[in-house]
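Here's the structure we're looking at; comments come further down.
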Amino acid sequence: MSNSNIQTIDFSQYPDKHGHFGPFGGIFAPETLMAPLEALRDQYEMVKDDPAFKAELLKDYQDYIGRPTPLYHAKRWSDHLGGAQIFLKREDLNHTGAHKINNTIGQALLAKRLGKTRIIAETGAGQHGVASATVAARLGLECVVYMGADDVVRQAPNVARMKMLGATVVPVESGTRTLKDALNEAMRDWVTNVDNTFYIIGTVAGPHPYPMMVRDFQAIIGQEARQQMLDQEGALPDVVMACVGGGSNAMGLFHAFLPDESVRIIGVEAGGDGLDTQRHAAPLCKGTPGVLHGNRTYLMQDEAGQIMGTHSISAGLDYPGVGPELAWLKDIGRAEFVAATDDEAMAGWRDVTQMEGIISALETSHALAYVMKLAPTMAKTQRIIINLSGRGDKDMNTIAKIEGFEF
Amino acid sequence: MNRIEARFASLQAQQKTALIPYITAGDPHPDMTVALMHHLVAQGADLLELGVPFSDPLADGPTIQKAVERALAHRVTLRNVLAMVTKFRERDDQTPVILMGYLNPIEAMGEAEFAKSAVAAGLDGVLTVDMPPEESVGYHQTLAEQGLACVFLVSPTTPSTRLGAIAEQGKGFVYYVSLKGVTGVGQADAGDVASHVAALKQHVDLPVGIGFGVRDAQAAYKMAQHGEAVIIGSVLVNIIEQYQQAGLDEVLAALTPKMAEFRQAIDAADKGESL
Ligand SMILES: Cc1ncc(COP(=O)(O)O)c(C=O)c1O
């Protein structure tokens with residue numbers, strides 16, 4: 001689709017009533033969940049513009065999470081790369097260390113309103129699990145987190161945090177033992193315990209209304225960043241960029257910029273060992289459309305329609321699908337998608353750690369890696385905003401092994 | 001008349017409840033599936049439900065998940081499953097066969113091509129677990145145009161407001177999920193089922209099959225009093241799991257007494273005898 005068409009799109013009108021972003025999204029769920037999903041959609045539609053709900057959310061954003069997060073001009077790194085000026089949206093400074101809590105705070109308020117006493121969540125990197133356990137502790141709700149057995153090992157510090165917060169962490173041994181299998185298991189729990197349980201999905205995937213709802217709760221990132229850029233620089237950025245796992249930090253940053261035609265939007269997927277190998281997690285770069293986890297989107301699948309195992313150094317990007325809104329933005333040409341390999345991500349991580357004193361999560365580092373390629377091709381007067389989606393504490397085991405530190 | 005309708009009409013004339021066993025195609029080995037299907041019919045199955053292996057079976061409990069993993073270890077595809085149906089039809093032109101599975105493998109093959117190949121193979125109906133009527137108008141039209149019956153699930157959480165669409169698009173029978181949960185976990189509550197099925201029948205003029213929580217003869221006996229069919233899956237798949245290393249004859253022999261137990265229970269219910 002050409003840019004002239006993009007001009008005419010009113011992005012605030014998506015998704016439609018049934019959760020469709022063009023051909024993507026929707027509700028592809030087992031029958032038992034259809035009525036609960038409708039109830040959730042109705043409840044969300046009712047409260048989302050309710051001034052009392054908005055005020056409560058805003059207060060939590062400020063007093064509990066610590067919003068607004070800064071937009072930081074990474075001068076030394078920008079100079080080093082010799083091109084565009086780089087601005088980091090510091091979601092790592094949120095309480096619990098990543099953007100994930102923007103969403104769990106909102107969904108937990110909804111859970112309360114629906115009278116649910118138990119919350120469940122899936123998690124890959126453990127950041128969403130920690131953010132869910134955190135809000136559960138605060139609201140006095142029971143919390144069960146499903147996590148792929150492989151991820152339990154590679155994100156051990158976050159497993160400990162969840163347990164300290166009183167959550168039960170269930171290692172998932174089925175399938176590929178990563179994020180997609182944790183999501184399957186959480187869905188099974190929800191089908192079984194739907195009467196008292198609220199499922200807090202951690203990214204902009206799943207059946208409608210999740211992709212819309214999670215995006216709305218994360219959209220604060222882009223709303224703040226856009227205003228901060230205007231305040232600091234008196235101009236919009238030339239590029240906004242984020243890593244893409246399920247796509248929540250990406251949609252959170254991108255959404256406010258969708259109507260700004262001059263702003264290039266770039267999502268960075270996990271390139272693993274490389275896009276020309278079988279070992280990556282880049283469905284937007286290399287996948288094909290299909291249906292998984294309740295929505296239609298781009299998937300890593302074989303020709304028989306089986307979902308393929310993925311690989312990424314970062315547990316939070318190790319997912320064969322992606323949020324349906326991103327799939328749509330790709331098809332209409334409003335966003336571009338690229339990938340960074342494991343090694344490139346480590347290089348990005350090293351650069352920002354050593355030049356800016358910010359230790360980022362391995363997920364985030366994929367976006368940093370692509371900036372290293374892009375910024376030098378741009379003018380010094382141009383500006384890039386990157387969503388610094390999380391801090392790297394959880395990755396110390398993995399990173400120490402690669403960098404050769406005793407830990 | 002489609003085989004499903006013919007079968008239910010003839011059972012109704014005899015005042016009999018149908019027994020519908022489920023197995024996963026390709027479990028424990030693709031070479032055994034057709035023989036298993038014939039055996040189940042010989043042991044009293046009235047219709048057959050064949051699971052299509054999918055990598056992410058999110059409505060299934062551990063028993064069927066493991067069956068799917070066994071089948072996928074042999075790289076069983078939807079096309080392979082249709083080939084099994086073709087083979088089954090060489091010797092059985094009467095017993096209705098329904099596929100139960102997830103949407104993605106069907107989409108990957110292409111809906112129209114799937115529908116054509118399925119009918120050519122002798123398939124009668126399709127239950128797509130993650131394809132509710134709201135999303136599926138075009139899909140179910142494509143299947144219906146080829147003469148395939150779209151079987152829908154109805155669950156304890158289904159409000160009556162959704163039954164209209166199910167009544168409109170559903171064919172063959174409706175599958176009542178007797179509990180909130182995944183396959184093979186938990187036990188259906190007979191009282192609950194009775195009231196839900198009665199309400200369901202006010203809206204949907206199709207035979208009702210009851211499944212998901214039917215674990216033993218006692219449960220089958222009770223469910224047969226409320227539905228036109230009783231569906232058993234995980235109980236059989238558990239036996240197949242136990243005998244996964246054994247030869248075909250041993251697997252078949254192990255299933256025989258279990259099928260007899262269920263058949264007797266359902267027949268007893270139909271005759272108003274105690275169990
Ligand atoms: C810090 C961080 N960034 C990014 C992601 C990827 O998720 P999403 O694409 O939904 O933002 C995760 C997921 O765990 C994460 O922890």
Side-chain angles (χ1 to χ4, degrees), chain A residues 17-20 23 25-39 122 172-176 180-197 206-208 288-297 299-309 320-321, chain B residues 52-62 65-66 68-69 72 75-81 101-110 114 127-136 139 152-162 165-166 174-177 179-183 185-186 212:
Chain A
K17 190 157 124 273
H18 302 289
H20 297 116
I27 310 179
F28 296 88
E31 179 58 32
T32 307
L33 295 180
M34 292 304 289
L37 285 166
E38 265 170 42
E122 87 294 338
V172 177
E173 302 279 355
S174 58
T176 59
K180 91 172 166 73
D181 310 287
L183 222 147
N184 289 337
E185 209 52 38
M187 284 277 186
R188 292 179 187 121
D189 180 316
W190 196 29
V191 173
T192 309
N193 302 298
V194 62
D195 290 336
N196 73 344
T197 298
H208 182 62
T288 50
V291 171
L292 178 70
H293 294 153
N295 69 89
R296 186 187 304 281
T297 188
L299 300 174
M300 304 263 298
Q301 57 181 328
D302 68 16
E303 66 292 341
Q306 307 294 350
I307 308 306
M308 283 159 45
Chain B
V52 181
F54 178 50
S55 52
D56 293 79
L58 58 75
D60 287 299
Q65 285 173 48
K66 279 185 274 172
V68 165
E69 286 186 11
L72 286 179
R75 312 200 123 264
V76 173
T77 65
L78 180 55
R79 286 175 201 276
N80 297 149
V81 177
Y102 297 81
L103 182 61
N104 203 53
I106 294 175
E107 288 223 335
M109 184 169 170
F114 164 73
L127 194 171
T128 318
V129 177
D130 52 354
M131 188 54 143
E134 286 86 341
E135 284 290 350
S136 65
Y139 171 71
F152 285 97
L153 296 172
V154 170
S155 95
T157 61
T158 304
S160 57
T161 47
R162 301 197 58 246
I166 290 170
V174 286
Y175 187 135
Y176 182 70
V177 176
L179 44 76
K180 293 175 198 132
V182 292
T183 51
V185 179
F212 266 50

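Computed from heavy atoms alone, side chains included, the values below leave out hydrogens, waters and symmetry copies.
- For Asp181(A) and Thr176(A), the side-chain atoms include at least one donor-acceptor pair closer than 3.5 Å.
- Of the listed residues Gly294(A), Gly290(A), Pro30(A), Ala35(A), the one with more heavy-atom pairs under 4.5 angstrom with chain B than any other is Pro30(A).
- Options Asp195(A), Asn193(A), Asp189(A), Val291(A) differ in how many heavy-atom pairs under 4.5 Å they form with chain B, and the most are formed by Val291(A).
- Of the possible polar contacts, none joining the Glu122(A) side chain to the Ala182(A) backbone as a donor-acceptor pair under 3.5 Å is found.
- Among the candidates Val129(B), Val68(B), Thr128(B), the residue making the largest number of heavy-atom pairs closer than 4.5 Å to chain A is Val129(B).
- Chain A forms more heavy-atom pairs under 4.5 Å with one residue of Pro133(B), Gly181(B), Pro53(B), Pro159(B) than with any other, namely Gly181(B).
- Looking at Glu31(A), its side chain never comes within 3.5 Å of a backbone N or O of Val154(B) through a donor-acceptor pair.
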Give the C-alpha distance, both sets of side-chain angles, the deciding distance and a yes or no for salt bridge (charged side-chain N to carboxylate O under 4.0 Å, His left out) between Arg162(B) and Glu38(A).
CA-CA 11 Å; Arg162(B) 301 197 58 246; Glu38(A) 265 170 42; 3.7 Å; yes
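- The choice from His293(A), Met187(A), Lys180(A) that makes the most heavy-atom pairs within less than 4.5 Å of chain B is Lys180(A).
- Of all the listed residues (Pro156(B), Gly186(B), Pro132(B), Ala108(B)), the one sharing the greatest number of non-hydrogen pairs under 4.5 Å with chain A is Pro132(B).
- Interface remark: Leu153(B) contributes backbone and side-chain atoms alike to the contact with chain A (heavy atom separation under 4.5 Å).
- Pro320(A) and Met308(A) get closest at one heavy-atom pair: CB-O, 3.9 Å.
- A donor-acceptor pair is defined here as one N or O able to donate and one able to accept, closer than 3.5 Å; no such pair exists between the side chain of Thr32(A) and the backbone of Lys180(B).
- Of the listed residues Met34(A), His18(A), Glu185(A), the one with more heavy-atom pairs under 4.5 angstrom with chain B than any other is Met34(A).
- For Ile106(B), no part lies under 4.5 angstrom from a heavy atom of chain A.
- Interface remark: Val52(B) contributes no atoms to any contact with chain A (heavy atom separation under 4.5 Å).
- For chain A, no part of Pro62(B) is nearby; none of its heavy atoms comes within less than 4.5 Å.
- Contacts between Asp60(B) and chain A at a heavy-atom distance below 4.5 Å involve the backbone alone (N, CA, C, O).
- Comparing Val182(B), Thr77(B), Val185(B) by heavy-atom pairs within less than 4.5 Å of chain A, the highest count is held by Val182(B).
- Ion pairing between Lys66(B) and Glu69(B) fails under the 4.0 Å rule for side-chain N and carboxylate O.
- Proximity of a side-chain donor or acceptor of Gln301(A) to a complementary backbone N or O of Pro289(A) within less than 3.5 Å is detected.
- Proximity to chain B (any heavy atom under 4.5 Å) is restricted, for Leu292(A), to the side chain, taken from C-beta onward.
- Met131(B) and Phe152(B) make their closest contact through O-CE2, 3.8 Å (heavy atoms, listed as atom of the first residue, atom of the second, distance).
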